[in-house]
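Reckoned from all heavy atoms, side chains included, excluding hydrogens, waters and symmetry mates.
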Amino acid sequence: MANYLMLTVDTEALPNRAIDNHVDRLMLGIHENGTAGVKDMASITSEFGGSMVFFIDICGALNEKNKVLEIARWLEQHGQDVELHLHPEYLPKEYWNDTPYEWKPKLLNIYEEKNSDKEFFLLKTFSDELANAIGRKILAFRAGSFRWNSVTLETLKKLDIPMSFNNTQAAMALGQCPYSSPMQRPFKWSNGIIEVPVTEKNFFPKFSDNWWVRFQYPLCSLVRYRPRWCSFIPYSISPKDNFVVCLMHSWSFLYRDENGIEYYKDDKRMEGFRRMLKSMSKDFDIIDSKNLLDLINKGKIDISHTEDISKTIYVPVTQNRSTVQKKRVK
């Protein structure tokens, strides 16, 4: 059986992570003393015969939308996989003035069925803009900060976006989503959407369900990739995992100061990423969402496990979850 690695990059220019020139600094990684951004990530991954999945957010940099779309176009033209990311909480209040929708709720994880038209508007608007820029339909979606629920899955179905990259136990523990399956391989929701979980390890599983740590780059000191002969070390990611999804951000090669501002210091994180891929590419095929769909369609990756979408309904604290789920199943 082949082993597969997916490198997923939340590509965003959120206002609180830079003082100015947000897209240049946080996506392209352009700083006064050096550059380390998405083009560098793409170049390094190409050295090992793979492509990354860049989840592009426009909402956080709406005033620089054309520059964001230009980056998306460049990535797609250079063999990368561009998909949809969404941080609607950063849309200015004025954005909603010319729409039939209120600006609240801002977070997708607290949308209810009554907000489904609004979520459809959001995902359709930004997926259409992205699709027009790259010249093909969008295949996958990741919600900003993994804030999603059943309304999101229903909206993806309506828009014919076949894949969700949102399942993470860590996000559920943080209250960012109402449900997460402990599955670490792709599976299906009951409405047919394919879910691709972020790879995580559960610390102290006998004592708590909340100690989940993600496999992400820069590498966490707790969860690291190790060769097969070292896989006995606790919380290792190794070829025994078979299917691995790594979480990154467009600013993953940068450093963060005490105020949360990203800045360039050196190329150590770039070189560390190259070393990681050099090691992992010996054991894993690096694939993107287009490759994944093809592998699923050819039966090379099994997605027979199905989770009920009713588990993912957001229930306000004033309501009873079991009652709402029964209504939803009907």
Side-chain angles (χ1 to χ4, degrees), residues 1-8 10 53 55 81 83-86 108-109 111 113 116 119-120 123-124 127 136-144 146-173 176-200 202 209 212 214-215 241-247 284-285 287-315 321-322 324-330:
M1 181 184 295
N3 299 330
Y4 300 107
L5 166 65
M6 301 194 78
L7 301 164
T8 66
D10 290 3
V53 187
F55 287 101
D81 179 14
E83 304 298 343
L84 181 64
H85 192 43
L86 213 62
L108 295 185
N109 61 327
Y111 273 38
E113 286 294 332
S116 59
E119 183 153 349
F120 182 87
L123 267 68
K124 179 169 174 53
S127 64
R136 65 164 176 83
K137 73 183 292 273
I138 298 302
L139 300 175
F141 172 68
R142 176 176 283 162
F146 299 100
R147 296 185 183 276
W148 64 281
N149 61 29
S150 61
V151 180
T152 306
L153 296 175
E154 290 172 336
T155 302
L156 294 179
K157 184 71 172 179
K158 292 174 186 175
L159 290 172
D160 194 29
I161 297 176
M163 290 186 287
S164 162
F165 280 67
N166 288 299
N167 191 88
T168 146
Q169 294 281 100
M172 186 177 69
Q176 293 170 319
C177 58
Y179 176 76
S180 175
S181 168
M183 285 284 292
Q184 294 288 289
R185 293 179 59 83
F187 63 89
K188 281 191 302 185
W189 294 106
S190 54
N191 71 340
I193 295 297
I194 298 167
E195 183 64 55
V196 186
V198 176
T199 298
E200 299 173 313
N202 188 3
D209 292 330
W212 289 84
R214 297 173 185 140
F215 179 54
D241 287 283
N242 299 126
F243 190 95
V244 174
V245 177
C246 180
L247 173 66
F284 289 83
D285 293 334
I287 65 171
D288 59 25
S289 63
K290 291 172 283 188
N291 303 141
L292 176 59
L293 272 182
D294 185 55
L295 289 165
I296 290 171
N297 291 334
K298 291 178 178 177
K300 294 184 177 180
I301 291 181
D302 175 41
I303 57 166
S304 58
H305 178 84
T306 301
E307 291 278 341
D308 193 334
I309 193 176
S310 68
K311 296 176 180 177
T312 69
I313 297 172
Y314 164 68
V315 181
R321 170 170 280 276
S322 60
V324 173
Q325 285 182 343
K326 288 178 184 177
K327 290 180 180 178
R328 176 67 182 84
V329 171
K330 294 179 182 178

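Take Asp294 and apply the side-chain contact (heavy atoms from CB on, under 4.5 Å) test, not counting sequence neighbours, and it matches Lys298. Under the side-chain contact (heavy atoms from CB on, under 4.5 Å) criterion, Thr155 pairs with Glu119, Phe120, Leu123, Val151, Leu159, sequence neighbours left out. Listed by chain and number, the residues in a side-chain contact (heavy atoms from CB on, under 4.5 Å) with Asp241 are Lys201, Ile237, Ser238, Val244 (sequence neighbours excluded). Taking Phe141 as the reference, nothing meets the ring pair (Phe, Tyr, Trp, His ring centres under 6.0 Å) condition, with sequence neighbours excluded. Residues satisfying the ring pair (Phe, Tyr, Trp, His ring centres under 6.0 Å) test with Tyr111, not counting sequence neighbours, are none. With sequence neighbours excluded, no residue forms a ring pair (Phe, Tyr, Trp, His ring centres under 6.0 Å) with Phe243.
Defined by atom type and a distance below 3.5 Å, a donor-acceptor pair is present between the side-chain atoms of Glu307 and His305. With hydrogens and angles left out, the side-chain atoms of Thr312 and Asn149 include no donor and acceptor closer than 3.5 Å.
By the 6.0 Å contact criterion, NZ on Lys158 is enclosed, its count of non-hydrogen atoms from other residues, nucleotides or ligands being greater than 12. Under a cut-off of 6.0 angstrom, the local environment of NZ in Lys188 is sparse, with at most 12 non-hydrogen atoms contributed by other residues, nucleotides or ligands.
With contacts defined as side-chain heavy-atom distances shorter than 4.5 Å, the pair Phe165/Met6 qualifies. Looking at Met163 and Leu292, their side chains come closer than 4.5 Å, going by heavy atoms from C-beta outward.
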Check: Hey, mind stepping through Cys177 and Asn166 against side chain to side chain contact (heavy atoms under 4.5 Å, CB included) and telling me if it holds?
Finding: CA-CA 9 Å; Cys177 58; Asn166 288 299; over 6 Å; no
Margin query: What verdict does the side chain to side chain contact (heavy atoms under 4.5 Å, CB included) test give for Val198 and Thr8, after you've listed the backbone C-alpha separation in whole Å, the side-chain angles of each residue and the deciding distance to 0.1 Å?
Written below: CA-CA 9 Å; Val198 176; Thr8 66; 5.7 Å; no
